Amino acid sequence: MTSSGDFPQADRLTQIDHAHLWHPFTQMQEWVGEPPLVIAEGDGVMVRDTEGRWYLDAVSSLWVNVHGHRKREIDEAIIAQLGKIAHSTLLGCASPPAILLAERLVALAPPGLTKVFYSDDGSTAVEVALKMALQYWQQVTPARPKKTKVLAFSLAYHGDTVGAVSVGGIDVFHARFGPYLFPTHKAKPPYCYRCHLGLAFPSCETACAREIEATLDAHHDEIAALIVEPSVYAAAGMITAPPGYLRRLRELCTRHDVLLIADEVATGFGRTGAMFACEREGVTPDLMTVAKGLTGGYLPLAATLTTQAVYDAFLGEYADFRTFFHGHSYTGNALACAAALANLDVFVHERVIEGLAAKIAHLQKALAPLADHPKVGDVRQCGLMVGIELVQDRATKARFPVADRIGWKISREARSLGLLTRPLGDVLVLVPPLASTNHDLSAMATILHRAIETVLDR
Ligand code: PMP
């Protein structure tokens, strides 16, 4: 490991950052007043700041990195593509990497998803899915023009563009825009630790799904689509859904003629232990969004996959204007598609999915001692996605006062111990790169445990 001597302009970088960078999600005075962490380099699961300090990237640079930083195969694929062309438009044209990637995605996706529409990030992939679903019902034969609403979950997060915000439900992110959003039906998600029905799984027999059934029974005539984060409501605090829940949603949507949109932006590409969370329940959604891990965490690229049946509703004569009028300038960017192809190659060559079960079990074991801490209410894990919910009182599950900033303080402490994580309120988060070794995973659990003790037991 080298020293900060490699970065003669380190101080200047910090000043520039302070003066001109508007950080996403960090407008609080407390954060603005601090010197920012400036990451200059990465290697495997580690990143290094401009002061020369190394950290475990325990949230995969916001859930995007897959095989580690500076993965040789992905670096080389991007360089090779640069030698050909960086970008050409996909509007009316195509490029070899975009064509090949679509083929690869279809081969990997749940059976029946055979069409790939590219966009740039998770939010836009969700916008595309919503617009496709809404337009589909206007154009299918026979048309169902009354189907104009989306059923979404009250703790969902699908991105920050206005359509994605409309189907989100996390008040702290979304409430401000309430009056400007399109109307939706909202359902309560299965948050088993704080079950709104006061029941316990499995004896509840997933009673919360019956509420969805009731909503669909009553309103299916006007509901175009149901959008769900399969297996894990990620941004709400890594809230895991009980087994069988997604399959039940699929059955209900099929029965009520409602399109199922699975937002795999966070869960896709191995995070839950399967390539896609939908696979865990043998579900094929009508539309599926992918982004974050698609390029291995290298470049922004997203895709919305759908079925031939949805695609067919958009085919028509020139003058019919049944086209899906949506396309971004950088859609299907060749460099990003080349990175994504190399990412998928690494999955195959290193048998990444096959190796996950052992890592997931190891992480679970490494996290077990945390559950004994009196302020740890719930340790939730789905694959390599972990949420540790801290509570002031375990018996009542009472939350800490917001002003205590417990999650933030523990994350800061973990940072001083060499681990980067970003809490979701008072839920501590671990989303390690899939490339993490058992040794890395143990280190992450140990540091987090020590940080919890340092902040909460002092
Ligand atoms: N959907 C889900 C489930 C997400 O977790 C996120 C981002 N955390 C998004 C969509 C939005 O993705 P992006 O940040 O790439 O726009």
Side-chain angles (χ1 to χ4, degrees), residues 23-26 59-66 117-133 150 152-170 172-174 177 181 184 189-191 225-241 245-246 249 260-272 276-278 280 285 287-305 326 328 330-331 333 336 339-340 343 380 382-387 421-425 427 429-431:
H23 290 271
F25 281 94
T26 46
V59 282
S60 300
S61 293
L62 239 299
W63 323 343
V64 298
N65 191 276
V66 178
F117 188 96
Y118 291 114
S119 58
D120 306 335
D121 52 40
S123 307
T124 50
V126 167
E127 296 284 335
V128 166
L130 295 171
K131 287 172 71 181
M132 272 183 184
V150 177
F153 287 92
S154 57
L155 282 178
Y157 178 81
H158 297 288
D160 292 333
T161 51
V162 172
V165 169
S166 297
V167 292
I170 303 178
V172 65
F173 302 151
H174 301 139
F177 300 100
L181 306 178
T184 54
Y191 188 175
L226 183 160
I227 182 164
V228 63
E229 291 174 75
S231 293
V232 188
Y233 294 82
M238 299 295 160
I239 295 166
T240 51
Y245 186 78
L246 184 66
L249 293 187
L260 177 65
I261 303 174
D263 178 357
E264 291 258 12
V265 167
T267 48
F269 304 100
R271 296 275 174 221
T272 67
F276 298 108
C278 285
R280 295 156 48 89
L287 296 127
M288 183 172 104
T289 57
V290 295
K292 289 183 181 283
L294 174 56
T295 61
Y298 268 64
L299 288 164
L301 178 70
T304 304
L305 280 74
H326 188 117
H328 302 283
Y330 281 100
T331 276
N333 175 261
N343 171 40
R380 303 184 274 270
C382 179
L384 289 178
M385 303 178 84
V386 175
T421 179
R422 194 175 156 74
L424 295 160
V427 177
V429 172
L430 278 183
V431 181

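Numbering of residues begins at 1 and proceeds along the displayed sequence. Bear in mind the structure is a predicted one, so any value in this text is a computation, not a measurement. Just so you know, ligand 1 is whichever comes first in the structure, and atom 1 is the first atom listed for that ligand.
The two residues Thr267 and Pro230 make their nearest non-hydrogen contact at CG2-O, 3.4 Å.
A distance-only check finds a donor-acceptor pair linking the side chain of Glu264 to the backbone of Ala277 [under 3.5 Å]. Put simply, the side chain of Arg280 gets close to the backbone of Thr272: a donor and an acceptor are under 3.5 Å apart. Without hydrogens or angle criteria, Arg271 side chain to Trp63 main chain gives a donor-acceptor distance under 3.5 Å.
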Solution key, residues 293-304 side-chain donor-acceptor pairs under 3.5 Å, sequence neighbours excluded:
residue, atom, partner, partner atom, Å
Thr295, OG1, Tyr298, N, 3.2
Thr295, OG1, Leu299, N, 2.9
Thr295, OG1, Leu299, O, 2.7
Tyr298, OH, Arg70, N, 3.4
Tyr298, OH, Lys71, N, 2.7
Tyr298, OH, Lys71, O, 3.3
Tyr298, OH, Asp75, OD1, 2.5
Thr304, OG1, Ala125, O, 2.8

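Enumerated by chain and number, the residues approaching ligand 1 to less than 4.0 Å through a heavy atom are Trp63, Asp121, Gly122, Ser123, Tyr157, His158, Gly159, Glu229, Asp263, Val265, Ala266, Lys292.
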The test is side-chain contact (heavy atoms from CB on, under 4.5 Å); show your working for Val162 and Phe177 and say whether it passes. CA-CA 8 Å; Val162 172; Phe177 300 100; over 6 Å; no
